[in-house]
Amino acid sequence: MTKYDFDLLVIGAGSGGVRAARTAAGQGVKVGIIEDRYWGGTCVNVGCVPKKLYSYAAHFAENFADAAGYGWTVAKPAFHWPTLRDNRAAEILRLNGIYNTLLENSSVQRIDGRGKILSENSVQVGDKTYTAERLLIATGTWPFVPEFSGAEHCLTSNEIFDLPEFPKRFLVYGGGYIAVEFASIFNGLGAETHLVYRGDKPLRGFDEEVREFAHNEIAAHGVQMQLGCEIIAIEKQATGLLVKLSDGRHLEVDAVLSATGRRGNVENLGLENVGLEVNKSGELSVDGNFCTQVPSIYALGDITGGPQLTPVALAEAMVFVHNLYSGKEPRKMDYKNIATAVFCHPNIGTVGLGEEEARKAYPAIRVYSTNFKPMRNTLSGNTSRTLMKLIVDDATDKVVGCHVVGSDAGELVQGIGIAVKAGLTKADFDATIGIHPTSAEELVTMRTLTRN
Ligand code: FAD
């Protein structure tokens, strides 16, 4: 008889934790999983899924406007927030049920409550203590709100989906992908929307041309960009929230969303009981097998500070279980060429290196870039344009980066991600016959070099 309750005890039932628990259980491992808030974690409950549903809702505004040029008479569209909010809540409830069933069917023991590590092999949940040969920390991250007077009036992405009333005037604070996505969503749904960011344009870290183009398009869609400034105070007034900016201006809005980054979710996790320390972002460092400095304690997903994306947490969980329980040759998690999307309006899809990164990584590159009015926007009179860009290592002809800003860019770049991951060359792209008429065919017909 084993001396522990479990072989593996997972803390946190988000993307990474659930995948690790189910996959390990599938290999005959005795697994328990602890969750204190919502089964399925951030992505399902307050992240990717509800955000994408709201993004779909917001796109309708543009679609209604486009319809007239195609001969449709559309009555003045009206948006009803409670319908969207409640339909979303029902859908998420359905998904929570699916997560529970998946765990039950894979004979993982579910434990409700907040887990606190007591020792290298034990975790306390409420008044019970569970022991395990190995612990896996998959507690994700938590929104971080900077300190300023009135910061308590800020909402975070945790609360934004369930607002009792739709804010007619909305302000997003931040310049990362979550900030631009929510700015586009509330703008599309009809709010007067401001984005306040201290930089000169949002989406730091993305390809510069993509940033510039996306910034102009998001602004052209109606988001009022308040750049180069910070919030210094928020005052609650009878008519709304008075937001004071560092450049001396004041804005009155009904809601402020702080999308100013996230920190590791380690509060009251008991890390001090096992001598584990986090960096200033609250993240744990791990080795290639996701092991922390404590040999029986592992960590994966957002808490480890890698690319904070659901498919990354899922892939890490698969590598973790493979290396620990399959008995097969260990694998390494590959973080190269991860395709990703930003669901601002228009969407951004990207894989591989940006132009600036590629210039540092390779002695010589070729850049193929085009921006055009997509066919769909001809009859509608919609002035939105699409940007497509390929970056090629000149020495090998390999495509090392692909970036698209335009309708459904994420859908498109997922496919290109396979080509980039496979190391295909610009000649392979050129040899591919396009699908006509699509916007995507531009990616295989870009013959003219934009710059070296
Ligand atoms: P999480 O999914 O955060 O799960 C951690 C779980 O641990 C939570 O359920 C939490 O309640 C639980 N927990 C924490 N501490 C304890 C404890 N002590 N005891 C018990 N339980 C605990 N990614 C994408 O790929 N695409 C997107 O479009 C996308 N959009 C996003 C939009 C938003 C607004 C946000 C916030 C995130 C988005 N992400 C997106 C990121 C994605 O949600 C995360 O990368 C993913 O959820 C990480 O999974 P995880 O398992 O590491 O942590």
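All ligand and atom numbering here is 1-based and tracks the order in the structure.
Using 4.0 Å as the threshold, F343 has a heavy atom nearer than that to some atom of ligand 1. Within the 4.0 Å heavy-atom shell around ligand 1 one finds V46. Contact annotation: R262 has at least one heavy atom less than 4.0 Å from an atom of ligand 1. Residue A341 places every heavy atom at 4.0 Å or more from ligand 1. Using a 4.0 Å cutoff on heavy atoms, Y177 counts as a contact of ligand 1.
No more than 12 heavy-atom neighbours from other residues, nucleotides or ligands sit within 6.0 angstrom of OH on Y56.
Listed by atom number, the atoms of ligand 1 under 4.0 Å from L269 heavy atoms are 18 (N). The contact set between ligand 1 and Y38, taken as ligand atoms under 4.0 Å from a residue heavy atom, comprises 9 (O), 11 (O). Each of the atoms 2 (O), 4 (O), 8 (C), 9 (O) of ligand 1 lies under 4.0 Å from some heavy atom of G41. When each atom of ligand 1 is checked for a heavy atom of R37 under 4.0 Å away, the hits are 11 (O). Residue contact check: P311 has heavy atoms under 4.0 Å from atoms 25 (O) of ligand 1. Near S15, meaning under 4.0 Å from one of its heavy atoms, ligand 1 places the atoms 2 (O), 46 (C), 47 (O), 49 (O), 51 (O).
The only option from N45, D112, N158 that meets the side-chain contact (heavy atoms from CB on, under 4.5 Å) definition with R37 turns out to be N158.
Remark: the H403 side chain and the E355 side chain contain no N/O donor-acceptor pair separated by less than 3.5 Å. Neither side chain, Q308 nor T141, offers a donor N or O lying under 3.5 Å from an acceptor on the other. If you check the side chains of S184 and E181, you find no donor sitting under 3.5 Å from an acceptor.
The residues E208 and R211 are annotated as salt-bridged, a charged nitrogen and a carboxylate oxygen being separated by less than 4.0 angstrom. Taking the charged nitrogens against the carboxylate oxygens, D162 and R88 do have a contact shorter than 4.0 Å, which makes a salt bridge.
When hydrogens are left out, the protein atom nearest atom 25 (O) of ligand 1 is T310 N, 3.0 Å; that is the closest non-hydrogen contact. Remark: minimum distance from atom 1 (P) of ligand 1 to any protein heavy atom is reached at T42 OG1, 3.5 Å. From the protein, the heavy atom lying nearest to atom 45 (O) of ligand 1 is D302 OD1, 2.9 Å. Scanning the protein for heavy atoms near atom 4 (O) of ligand 1, the closest one is G14 CA, 3.2 Å. Nearest protein neighbour of atom 18 (N) of ligand 1, counting heavy atoms only, is G115 O, 3.1 Å.
Here's the thing with I178: none of its N/O atoms is less than 3.5 angstrom from an N/O atom of ligand 1. For a threshold of 3.5 Å applied to N or O pairs, the pair formed by G16 and ligand 1 contains at least one separation below that value.
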Enumerate donor-acceptor pairs with a distance under 3.5 Å from any side-chain N or O in residues 339-347 to protein atoms, sequence neighbours excluded.
residue: H345; atom: NE2; partner: S55; partner atom: OG; Å: 3.1
residue: H345; atom: NE2; partner: H59; partner atom: NE2; Å: 3.3
residue: N347; atom: ND2; partner: C344; partner atom: O; Å: 2.8

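Side-chain contact between I117 and I11 is present, with at least one heavy-atom pair separated by less than 4.5 Å. Between I231 and V256 the shortest side-chain heavy-atom distance falls below 4.5 Å.
Considering A20, P143, C48, A138 only, the shortest heavy-atom separation from atom 31 (C) of ligand 1 involves C48. Looking at E35, K51, R114 and measuring to atom 28 (O) of ligand 1, the nearest heavy atom belongs to K51.
Separation of the F182 and Y173 ring centroids does not fall under the 6.0 Å cut-off.
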